[in-house]
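Keep in mind the model is a prediction, meaning the values are calculated, not measured.
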Amino acid sequence: MKKNIAVFASGKGSNFEAIAKSARSGTLKVNLALLVCDNPGAPVLAKARKLGVKILLVKRGDFAQKKDFEEAIIRELKNNKVGLVVMAGFMRMLSAQFVRSYKGSIINIHPALLPSFKGAHGIKDAFDYGVKVTGVTVHFVDEEMDHGPIILQKEIRIKESDTLKSLEARIHKLEHILYPQAIKMIAQARVKVSGRKARITGR
Ligand code: GAR
């Protein structure tokens, strides 16, 4: 049976689109059951409609407390039998309670080599710092921001000729390859976590 996954996104949704297309073409054998979005103005919503993916739009402002907001999300995850939560530019920290209730089943992508350049501007921060190598990280989510056992990580060398724009384009291109790969490995039960580390087994 295919694993049901939910993608959480707040913005453009290019990773959502890459995952949805891989699932549709069958290269990724999962069922993309739900898009969870917290931003009514996010371009990801139009992408989901076009690709026929069910949407849960939840605005934090509609709930008095973060706990109620998250409970509304968890309810829908349960209704849709979601077994893996895929964070793709969801610009909101999940509470420790949420993380615990989906322990080991929430992953995130970050556009830098963690633990460097955490936060909302990983590409720009690495570029401005002047590092020669940056990259993309896919990791399990724990209670800290952009933190948890690393599943896949791939480097990108910053060229003298790179501008922030050209680097962004290369990072995003890599993300769209790496994220479906990581999800595929999880769906095949090839990712084992022990302690702080995630290990890939098999082929
Ligand atoms: C991606 O680059 C992702 O790595 C980043 O948000 C972007 C979302 O783009 N996430 C973080 O910075 C997490 N700290 P998208 O909406 O086009 O998928």
Side-chain angles (χ1 to χ4, degrees), residues 4-23 28 30 32-80 82 84-99 101-102 105-112 114 117-126 136-148 151 164-165 167-169 171-180 182-183:
N4 281 357
I5 71 167
V7 174
F8 284 37
S10 307
K12 192 151 66 92
S14 67
N15 281 285
F16 164 81
E17 190 172 27
I19 293 162
K21 286 186 173 167
S22 302
L28 184 55
V30 296
L32 177 45
L34 195 63
L35 166 73
V36 176
C37 180
D38 62 334
N39 172 13
V44 68
L45 294 168
K47 291 188 170 81
R49 279 185 211 110
K50 200 166 156 204
L51 287 156
V53 177
K54 190 164 157 188
I55 296 169
L56 172 68
L57 178 61
V58 268
K59 288 186 278 176
R60 172 66 185 86
D62 287 348
F63 299 85
Q65 290 181 33
K66 180 169 180 157
K67 188 170 162 283
D68 305 325
F69 167 74
E70 290 192 341
E71 275 173 9
I73 298 175
I74 290 176
R75 218 173 12 254
E76 275 311 295
L77 295 179
K78 297 228 157 93
N79 285 344
N80 287 278
V82 168
L84 180 69
V85 168
V86 176
M87 313 277 284
F90 190 69
M91 292 309 181
R92 203 171 274 285
M93 275 284 287
L94 298 173
S95 69
Q97 219 171 347
F98 190 112
V99 172
S101 62
Y102 264 83
S105 301
I106 310 177
I107 60 174
N108 181 42
I109 191 160
H110 184 70
L114 292 176
F117 305 113
K118 295 176 181 178
H121 309 286
I123 308 176
K124 185 174 188 303
D125 291 345
V136 172
T137 305
V138 180
H139 65 97
F140 286 107
V141 169
D142 65 13
E143 286 87 346
E144 287 175 52
M145 183 187 60
D146 294 329
H147 189 271
I151 303 163
L164 177 58
K165 206 160 178 255
L167 180 63
E168 279 170 351
I171 293 266
H172 292 313
K173 198 169 162 202
L174 177 58
E175 287 191 317
H176 302 159
I177 297 167
L178 216 61
Y179 219 2
I183 297 166

Step-by-step side-chain contact (heavy atoms from CB on, under 4.5 Å) determination, Leu45 to Leu35: CA-CA 8 Å; Leu45 294 168; Leu35 166 73; 4.2 Å; yes

What do the steps show when you test Glu76 against Val36 for side-chain contact (heavy atoms from CB on, under 4.5 Å), and what is the final call? CA-CA 9 Å; Glu76 275 311 295; Val36 176; over 6 Å; no

Could you walk me through whether His176 and Asn15 pass the side-chain contact (heavy atoms from CB on, under 4.5 Å) check? CA-CA 6 Å; His176 302 159; Asn15 281 285; 3.3 Å; yes

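Taken to the nearest 0.5 Å, the CD1 atom of Ile107 stands 5.0 Å off from the CG atom of Leu84. Going from atom CD of Glu175 over to atom CD1 of Ile177 covers 11.0 Å, rounded to the nearest 0.5 Å. One finds the CD atom of Gln65 at 9.0 Å from the CD atom of Glu71 (value rounded to the nearest 0.5 Å). For the atom pair CG of Asp68 and CZ of Arg60, the computed distance is 8.0 Å after rounding to the nearest 0.5 Å. For the atom pair CD1 of Ile5 and CD1 of Ile19, the computed distance is 6.0 Å after rounding to the nearest 0.5 Å. Atoms NZ and OG, on Lys78 and Ser101 in that order, are 6.0 Å from each other to the nearest 0.5 Å.
Closest non-hydrogen pair, Lys47 versus Lys12, comes out as NZ-O, 2.9 Å. Closest of all the heavy-atom pairs between Ile183 and Val30 is CG2-CG1, 4.1 Å. Smallest separation of non-hydrogen atoms from Asp146 and Gly119: OD2-N, 2.7 Å. Closest non-hydrogen pair, Leu34 versus Val53, comes out as C-CG1, 4.2 Å. For the pair Ala182 and Ile151, the tightest heavy-atom approach, listed with the atom from each and the gap, is CB-CG2, 4.3 Å. Across all their heavy atoms, Ile123 and Pro111 have their closest contact at CG1-CB, 3.5 Å.
For the pair Tyr179 and Val7, the minimum side-chain heavy-atom distance is 4.5 Å or more. In this structure, Lys66 and Met93 have side chains that are in contact, with non-hydrogen atoms separated by less than 4.5 Å. His147 is not listed as a side-chain neighbour of Leu114, based on a closest heavy-atom distance of 4.5 Å or more. Side-chain contact between Met87 and Leu94 is present, with heavy atoms from C-beta onward closer than 4.5 Å.
Listed by chain and number, the residues in a side-chain contact (heavy atoms from CB on, under 4.5 Å) with Lys59 are Pro40, Asp62 (sequence neighbours excluded).
Using a 4.0 Å cut-off between charged nitrogen and carboxylate oxygen, Glu17 and Lys21 count as a salt-bridge pair.
Few gaps surround CD on Glu143; more than 12 heavy atoms of other groups in view lie less than 6.0 Å from it. A 6.0 Å sphere centred on NZ of Lys124 holds no more than 12 heavy atoms belonging to other residues, nucleotides or ligands.
Of the residues listed (Tyr102, Phe16, Phe90), the one engaging Phe8 in a ring pair (Phe, Tyr, Trp, His ring centres under 6.0 Å) is Phe90, and it is the only one.
Between the side chains of Ser10 and Asp38, at least one donor N or O sits under 3.5 Å from an acceptor N or O.
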